[in-house]
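To start, the structure itself, in structure tokens.
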Amino acid sequence: MTETAVDFVIVGGGSAGCALANRLSADPANRVLVLEAGRSDFVWDPFIHMPAALPIPIGNRLYDWKYESEPEPHMGGRAIYHARGKVLGGSSSINGMIFQRGNPLDYERWAADPGMETWSYAHCLPYFKRMETCLAGADDWRGGSGPLVLERGPATNPLFGAFFEAAKQAGYPLTDDVNGYRQEGFAPFDRNVHRGRRLSAARAYLHPVMGRKNLTVRTLAMTTKVLFEGTRAVGVTYTRGRRQHTVRAGEVILCGGAINSPQLLQLSGVGNAGDLSSLGIDVVADVPGVGEHLQDHLEVYIQYACKLPVSIAPGLKWRNRPRIGAEWLFLRKGLCATNHFEGGGFVRSNDDVDYPNLMFHFLPIAIRYDGTAPTKGHGYQVHIGPMYSDARGTVKITSTDPREHPALRFNYLSTDQDRREWVESVRVARSILNQPAFEPFNDGELSPGPEVETDEQILDWVAKDAETALHPSCTARMGTDDLSVLDPTTLRVHGVDGLRVVDASSMPYVTNGNIYAPVMMLAEKSADLILGNAPLEPSHAPYYRYRDGSPLYPTGGNA
């Protein structure tokens with residue numbers, strides 16, 4: 001069945017897709033169609049909208065693509081589970097709701113590559129500001145009138161107080177705002193939680209404009225192929241129910257994320273010509289970088305038992321859940337109204353790095369993402385991992401069936417730098433968690449346990465216990481070299497016309513921290529590029545640099 005043509009078809013109603021749908025449809029002359037393979041984020045669904053319910057959608061086929069990596073060769077052949085949102089709002093409807101922009105020098109690193117000059121921090125900061133309403137206050141670094149309302153974590157549990165004090169005792173600074181002038185240090189975190197509910201990209205950007213006559217959103221609509229006439233993309237095919245549909249479009253914009261977008265490019269004949277030909281796929285454009293350069297953040301939990309009954313562990317008891325649930329349902333307050341990742345920080349693990357390479361999330365309970373706990377009593381933990389691993393992986397289709405997951409290989413722990421920083425990260429975490437500030441609470445390390453001490457033991461434990469932080473990126477990266485996929489000035493795919501990619505796969509390098517905020521900034525900035533709008537004026541706001549005159553970034557920023 002062929003449908004009426006539209007100006008823009010957006011493949012993926014996730015984080016970037018929701019932002020683009022809002023911005024592109026603001027002009028009533030633009031007809032915009034959003035195709036989302038998952039279902040709607042129904043307003044009555046507590047597993048999406050209740051912040052503390054975040055472990056429930058992960059691993060559930062109704063919300064999650066349920067990816068797994070290939071056996072990782074440096075992790076004992078383990079297949080690492082990867083949750084990705086399969087619902088309107090994408091991963092912003094199932095993630096941890098932590099809002100972190102990354103370090104300003106992340107964007108100086110982007111801009112240092114040839115052709116990437118307009119992706120510097122000065123050029124990106126205005127778009128970060130445009131998209132947010134920071135309830136902690138607008139200033140030179142923070143926005144005050146955007147769709148994304150950001151609440152600062154209260155971090156009032158005494159374990160947070162001990163954590164921040166212990167960080168100072170260990171020699172690390174506090175900072176006012178990890179998204180402001182200085183990222184390095186520890187502070188309460190901004191979160192995509194507003195009035196006790198998750199504020200996903202769908203709720204912030206898409207639902208407020210669903211009434212626009214020029215905007216159509218179709219859920220349960222799985223795009224199977226980009227259609228080409230020659231080397232120009234002219235539309236897509238998608239399935240809905242048992243029917244296949246074809247829609248023609250002036251532009252096709254892929255917003256499926258770092259796994260789905262390269263998969264769809266490859267299925268459509270855009271990728272490494274040799275790999276595609278071996279599967280019998282007609283090659284439209286030989287773009288060998290598609291599916292390459294896969295980056296991610298790996299993390300572990302350093303968990304401790306707590307002497308005092310101050311953690312949030314009682315909230316897990318079945319006898320307490322009806323009261324806690326009712327408190328959220330009727331008052332939007334209590335333990336269910338927060339993601340509990342209310343604070344953390346960023347530090348340098350060695351003096352060779354110019355800006356923080358480790359990220360901490362503190363949690364006032366000892367628990368895994370799947371809800372399992374190492375103790376029935378009280379506990380606490382930090383999530384810790386390196387931010388700038390130089391390991392690179394791949395996303396490769398192994399079948400022409402769009403429903404078959406591609407092969408994912410991350411190559412975690414495969415480099416000397418990665419292994420060095422993993423050992424450092426565990427030692428830094430322990431140095432903080434064993435400071436005097438934790439003396440009233442510290443009842444001993446649960447995981448990995450004091451018997452894990454040497455470098456080799458630490459690396460063995462990481463290989464056996466680490467999980468992804470769920471930040472896959474860079475598989476259709478911007479750039480001008482032979483292995484880049486996108487033109488940095490347009491986000492168009494090299495070698496074809498009428499086709500762009502705007503999502504985490506577009507990043508040239510993964511940023512320092514959770515990647516939701518950078519993805520939303522990228523979508524905001526790309527909307528202006530797509531519409532031909534004048535870009536926002538670059539910012540002159542200064543930012544903190546530990547080492548002035550770094551040899552890698554000799555002209556970036558201010559001290």
Side-chain angles (χ1 to χ4, degrees), residues 4-13 15-35 107 110-111 113-131 143 145-147 201 205-206 209 212-217 226 228-236 247-255 261 270 285 476-480 484-503 505-508 518-539:
T4 305
V6 296
D7 296 294
F8 300 102
V9 59
I10 297 172
V11 179
S15 301
C18 288
L20 280 179
N22 179 305
R23 299 306 188 191
L24 298 184
S25 66
D27 182 346
N30 291 332
R31 294 162 299 169
V32 179
L33 172 64
V34 179
L35 299 175
Y107 305 99
W110 288 17
D113 283 353
M116 292 284 296
E117 295 81 7
T118 58
W119 291 92
S120 71
Y121 180 66
H123 289 87
C124 293
L125 179 57
Y127 289 96
F128 276 119
K129 293 179 66 176
R130 183 170 82 176
M131 73 191 192
S145 58
Y205 277 87
L206 195 58
V209 300
R212 290 175 179 169
K213 294 181 179 179
N214 63 325
L215 174 62
T216 302
V217 178
V226 178
F228 288 92
E229 291 180 357
T231 57
R232 179 168 187 84
V234 295
V236 300
V247 59
R248 293 185 66 87
E251 289 230 34
V252 178
I253 306 172
L254 305 190
C255 298
S261 287
V270 179
R477 65 183 178 91
M478 295 184 278
T480 58
S484 64
V485 177
L486 306 176
D487 181 338
T489 64
T490 63
L491 278 296
R492 287 196 173 100
V493 177
H494 295 317
V496 298
D497 294 316
L499 179 62
R500 309 187 203 229
V501 181
V502 181
D503 55 32
S505 65
S506 312
M507 296 179 179
V519 167
M520 298 302 285
M521 178 279 296
L522 197 150
E524 284 274 14
K525 194 171 187 299
S526 297
D528 278 349
L529 296 177
I530 293 167
L531 292 170
N533 295 338
L536 298 181
E537 285 294 317
S539 169

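Once rounded to the nearest 0.5 Å, the distance linking CD of Glu537 with CG of Leu125 reads 13.0 Å. The distance from atom OG of Ser505 to atom CG of Leu254, rounded to the nearest 0.5 Å, is 8.0 Å. In this structure, CG in Leu499 is found 11.0 Å from OG1 in Thr231, a value given to the nearest 0.5 Å. Here CZ of Arg31 is found 13.5 Å from CG of Leu24. Values are rounded to the nearest 0.5 Å. Atom OH of Tyr107 is separated from atom CE of Met521 by 4.5 Å, given to the nearest 0.5 angstrom. Remark: Asp497 CG to Phe228 CZ distance equals 9.5 Å, nearest 0.5 Å.
Remark: side-chain polar atoms of Arg500 are not paired, donor with acceptor, to backbone N or O of Leu486 under 3.5 angstrom. Between the side chain of Ser506 and the main chain of Val501, a donor-acceptor pair closer than 3.5 Å is present. A donor-acceptor pair is defined here as one N or O able to donate and one able to accept, closer than 3.5 Å; such a pair exists between the side chain of Asn214 and the backbone of Asn30. Remark: the backbone N or O of Pro114 is paired with a side-chain donor or acceptor of Thr480 at under 3.5 angstrom. At least one donor-acceptor pair under 3.5 Å links the side chain of His494 to the backbone N or O of Gly479. Put simply, the side chain of Arg212 never gets that close to the backbone of Pro28: no donor and acceptor are under 3.5 Å apart.
Of all the heavy atoms in Met507 and Arg477, the pair that sits closest is O-CB, 3.3 Å. Across all their heavy atoms, Ala16 and Met520 have their closest contact at N-SD, 4.3 Å. Here the closest non-hydrogen pair linking Ala21 and Val34 is CB-CG2, 3.6 Å. The nearest pair of heavy atoms linking Leu206 to Cys18 is CD2-SG, 3.9 Å. The shortest non-hydrogen separation linking Ser539 to Pro126 is N-CG, 3.9 Å. Annotation for Ala285 and Gly495: closest pair CB-O, 4.1 Å, computed over non-hydrogen atoms.
In this structure, the side chains of Val6 and Thr216 stay at 4.5 Å or more apart for every pair of heavy atoms. Annotation: side chain of Val32 is not in contact with side chain of Asp7 (no heavy-atom distance under 4.5 Å). Counting only heavy atoms from C-beta outward, the side chains of Pro535 and Lys525 never approach each other to under 4.5 Å. In this structure, the side chains of Met116 and Pro508 come closer than 4.5 Å at one or more pairs of heavy atoms. Side-chain contact between Val11 and Val226 is absent, with no heavy atoms from C-beta onward closer than 4.5 Å. Asp27 is not listed as a side-chain neighbour of Leu531, based on a closest heavy-atom distance of 4.5 Å or more.
Partners of Tyr205 by ring pair (Phe, Tyr, Trp, His ring centres under 6.0 Å), not counting sequence neighbours: none found. In terms of the side chain to side chain contact (heavy atoms under 4.5 Å, CB included) criterion, residue partners of Ala527 (sequence neighbours excluded) are, by chain and number, Leu20, Arg23. Applying the side chain to side chain contact (heavy atoms under 4.5 Å, CB included) rule to Asp528 yields the partners Tyr127, Arg130, Asn533, Leu536; only residues at least two apart in sequence or on another chain are considered.
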| query | After noting the C-alpha distance and the side-chain angles of Leu529 and Thr489, does the key distance pass the side chain to side chain contact (heavy atoms under 4.5 Å, CB included) rule? | reply | CA-CA 7 Å; Leu529 296 177; Thr489 64; 5.8 Å; no
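Considering Asp113, Leu491, Thr490 in turn, Leu491 is the only one that fulfils the side chain to side chain contact (heavy atoms under 4.5 Å, CB included) rule with Met478.
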